[in-house]
*Asks:* 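Let me begin by handing over the structure; questions about it come next.
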Amino acid sequence: MTLLLHPTYFPNIATMAALVRYKVIWETCDNYQKQTYRNRCYICTDQGKHMLNLPIKHVGGEQGRQKYRDVLLDNSYAWQRQHWRTLQTAYRTSPFFEFYEDDFAPLFSRPHTHLLDFNLQTIEIMCNGLQITVPEQRTTTFSKNPPSQGSTKDLRHLVNAKAQLQFPMEAYTQVFGDRHGFLSNLSCLDLLFNEGPNTLGYLKSVNLPFWDA
């Protein structure tokens, strides 16, 4: 089966569970939309569930809408330093943060311009950490209702950050689990830093009952 997915910022567990099992085509020809995982992800800190938000340069006036691939990151704000410090504070006591730290640190120390390209880089490093093939195929045109082609499945709705996916997820040990209980479907970073080499097996075991929007 082939899945049509949006590239997101450090994808959540649901998206990564789909990615590790099937071939993926990245949707790169759509319009940018707010309130999605395109520019946000969720982790667990000592304060509970926490959003890391990527600032972007908004286009106003008649232009209004812009293609996802054209969206620029707003580097007038020191978001890289803030995001990396937040990740360090949240996960420095997790079992595997130090093991992966050197792989992720460069993302937050070199300049980036386009949101889409940056997101694809976060996914590439995540896949490398899991030792799986990085999906490279991208769409060349946009279709709101793409026709069924063989076994291709449209899962672009997973990008919607406001939709709360309801599906069973086995609890794993989280750094602040004793304070906040188990927080499900966070960014796969949370799973990776806490479970390390067990992450891939966990993702393959996740039940995926969210095929339909």
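Any value given below was found using the heavy atoms of this structure, including those in side chains, with hydrogens, waters and symmetry copies removed.
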*Asks:* Working to the nearest 0.5 Å, report the span between CG of Leu155 and CD1 of Ile25.
*Replies:*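 Interatomic distance, Leu155 CG to Ile25 CD1, rounded to 0.5 Å: 11.5 Å.
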*Asks:* If a pair satisfies salt bridge (charged side-chain N to carboxylate O under 4.0 Å, His left out) and one of its residues is in residues 8-32, list it, with sequence neighbours excluded.
*Replies:*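 Only Glu27-Arg156, Asp30-Arg38 qualify under salt bridge (charged side-chain N to carboxylate O under 4.0 Å, His left out).
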*Asks:* As an exercise, state the distance from CE of Met16 to CG of Leu200, rounded to the nearest 0.5 Å.
*Replies:*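 Reported value, rounded in 0.5 Å steps: 9.0 Å.
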*Asks:* Quick check: does any side chain N or O of Thr139 sit under 3.5 Å from a backbone N or O of Thr28, one acting as donor and the other as acceptor?
*Replies:*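 A pair under 3.5 Å: yes.
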*Asks:* Examine Val71 and Leu120 and state if one hydrophobic cluster contains both, with Ile, Leu, Val, Met, Phe, Trp and Tyr joined whenever side-chain heavy atoms are less than 4.5 Å apart.
*Replies:*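 Yes, because Val71 and Leu120 connect within a single hydrophobic cluster, where side-chain heavy atoms sit under 4.5 Å apart.
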*Asks:* Nearest 0.5 Å please: distance from the NE2 atom of His58 over to the NZ atom of Lys34.
*Replies:*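 So the NE2 of His58 and the NZ of Lys34 are separated by 5.5 Å.
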*Asks:* Where is the tightest heavy-atom contact between Leu87 and Phe97, given as atom of each residue plus distance?
*Replies:*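 Taking every non-hydrogen atom into account, O-CE1, 4.0 Å.
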*Asks:* Counting only N and O atoms by type, is there a donor-acceptor contact under 3.5 Å from the side chain of Asn194 to the main-chain atoms of Gln174?
*Replies:*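 Between the backbone of Gln174 and the side chain of Asn194 there is no qualifying donor-acceptor contact (under 3.5 Å).
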*Asks:* Kindly give the heavy-atom pair with the smallest separation between Arg40 and Thr36, and that separation in Å.
*Replies:*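 For Arg40 versus Thr36, the nearest heavy atoms are CG-O, 3.2 Å.
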*Asks:* Out of curiosity, does Leu115 fall in the hydrophobic cluster containing Phe142 (side-chain heavy atoms, cut-off under 4.5 Å, transitive links)?
*Replies:*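 Different clusters: Phe142 never reaches Leu115 through Ile, Leu, Val, Met, Phe, Trp or Tyr contacts under 4.5 Å.
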*Asks:* Would you confirm whether His180, through its side chain, and Gly48, through its main-chain N or O, come within 3.5 Å as a donor-acceptor pair?
*Replies:*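 Between the backbone of Gly48 and the side chain of His180 there is a qualifying donor-acceptor contact (under 3.5 Å).
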*Asks:* With a 4.5 Å limit on heavy-atom distance, are the side chains of Asn75 and Pro111 in contact?
*Replies:*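 No, every pair of side-chain atoms sits at 4.5 Å or beyond.
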*Asks:* If you count every heavy atom of other residues, nucleotides or ligands that lies below 6.0 Å from Lys67 atom NZ, does the total exceed 12?
*Replies:*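 Yes.
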*Asks:* Do Phe96 and Phe193 make the cut of ring centroids closer than 6.0 angstrom?
*Replies:*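 Between Phe193 and Phe96, which both carry aromatic rings, the centre distance is not below 6.0 Å.
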*Asks:* Can you name the ring pair (Phe, Tyr, Trp, His ring centres under 6.0 Å) partners of Phe176, sequence neighbours left out?
*Replies:*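 Ring pair (Phe, Tyr, Trp, His ring centres under 6.0 Å) list for Phe176, sorted by chain: empty.
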*Asks:* What residues form a side-chain hydrogen bond (donor to acceptor under 3.5 Å, both in side chains) with Tyr37, not counting sequence neighbours?
*Replies:*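 For Tyr37 there are no side-chain hydrogen bond (donor to acceptor under 3.5 Å, both in side chains) partners, ignoring immediate neighbours.
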*Asks:* So Ile56 and Leu72, do their side chains get closer than 4.5 Å, heavy atoms only?
*Replies:*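 Answer no - side chains too far apart.
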*Asks:* Determine the sole option in Val206, Asn12, Leu203 for which the side-chain contact (heavy atoms from CB on, under 4.5 Å) test with Leu191 is passed.
*Replies:*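 Result for side-chain contact (heavy atoms from CB on, under 4.5 Å) with Leu191: Leu203.
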*Asks:* Which heavy-atom pair separates Glu195 from Thr173 by the least distance, and what is that distance?
*Replies:*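 Shortest heavy-atom contact: OE2-N, 3.9 Å.
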*Asks:* Side-chain contact test, heavy atoms from C-beta onward, threshold under 4.5 Å: evaluate it for Lys49 versus Ile43 and give yes or no.
*Replies:*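 They are not in contact (no side-chain heavy atoms under 4.5 Å apart), so the answer is no.
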*Asks:* Please round to the nearest 0.5 Å and tell me the distance separating atom CG of Asn53 and atom CH2 of Trp79.
*Replies:*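 Going from the CG atom of Asn53 to the CH2 atom of Trp79 covers 10.5 Å.
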*Asks:* Please check if Met169 and Val175 belong to a single hydrophobic cluster, counting links between Ile, Leu, Val, Met, Phe, Trp and Tyr side chain heavy atoms closer than 4.5 Å.
*Replies:*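 In one cluster: yes.
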*Asks:* Check ring pair (Phe, Tyr, Trp, His ring centres under 6.0 Å) between Tyr202 and all other residues, then give those that pass, not counting sequence neighbours.
*Replies:*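 Per chain and number, Tyr202 pairs via ring pair (Phe, Tyr, Trp, His ring centres under 6.0 Å) with Tyr172.
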*Asks:* Does the Ser187 side chain pair with the main chain of Phe10, one donor and one acceptor, at a distance under 3.5 Å?
*Replies:*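 Answer holds: yes.
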*Asks:* Please say whether more than 12 non-hydrogen atoms of neighbouring residues, nucleotides or ligands are located less than 6.0 Å from CZ in Phe99.
*Replies:*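 No, not enclosed.
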*Asks:* Given 3.5 Å as the limit, does a donor-acceptor pair link the side chain of Asn185 with the main chain of Ile13, or not?
*Replies:*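 Checked: pair present.
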*Asks:* Could you give all pairs that pass the side chain to side chain donor-acceptor pair (under 3.5 Å) test and reach residues 100-124, with sequence neighbours left out?
*Replies:*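 Listed once each, the pairs are Tyr68-Asn119, Arg110-Gln121.
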*Asks:* Measure the shortest side-chain to side-chain distance between Pro135 and Leu19 over non-hydrogen atoms and say whether it is less than 4.5 angstrom.
*Replies:*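 Yes, side chains in contact.
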*Asks:* Atom CG in Leu183, atom SG in Cys44: separation rounded to 0.5 Å?
*Replies:*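 Spacing of CG (Leu183) from SG (Cys44) equals 4.5 Å.
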*Asks:* With rounding to the nearest 0.5 Å, note down the distance linking CG in Leu52 to CG in Asn39.
*Replies:*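 Taking CG in Leu52 and CG in Asn39, the distance rounds to 11.0 Å.
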*Asks:* With sequence neighbours excluded, give me every side chain to side chain donor-acceptor pair (under 3.5 Å) pair touching residues 83-94.
*Replies:*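 Every pair satisfying side chain to side chain donor-acceptor pair (under 3.5 Å) with a residue in residues 83-94: Tyr9-His83, Tyr91-Asp190.
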*Asks:* Between Gln137 (side chain only) and Trp26 (backbone N and O only), is there a donor and an acceptor less than 3.5 Å apart?
*Replies:*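 Not a single qualifying donor-acceptor pair exists.
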*Asks:* Quick check: do Asp70 and Tyr32 have side-chain heavy atoms less than 4.5 Å from each other?
*Replies:*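 With C-beta onward as the side chain, the pair stays apart.
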*Asks:* For the hydrophobic clusters of this structure (ILVMFWY residues joined by side-chain heavy atoms under 4.5 Å, transitively), does one cluster hold both Phe182 and Leu192?
*Replies:*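 Same cluster: Phe182 reaches Leu192 through Ile, Leu, Val, Met, Phe, Trp or Tyr contacts under 4.5 Å.
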*Asks:* How close do Asn31 and Arg65 get, heavy atom to heavy atom, and via which atoms?
*Replies:*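 Looks like ND2-CD, 3.8 Å.
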*Asks:* Are Phe118 and Leu116 connected, step by step, through hydrophobic side chains (Ile, Leu, Val, Met, Phe, Trp, Tyr) whose heavy atoms are closer than 4.5 Å?
*Replies:*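 Yes: a chain of side-chain contacts under 4.5 Å links Phe118 to Leu116.
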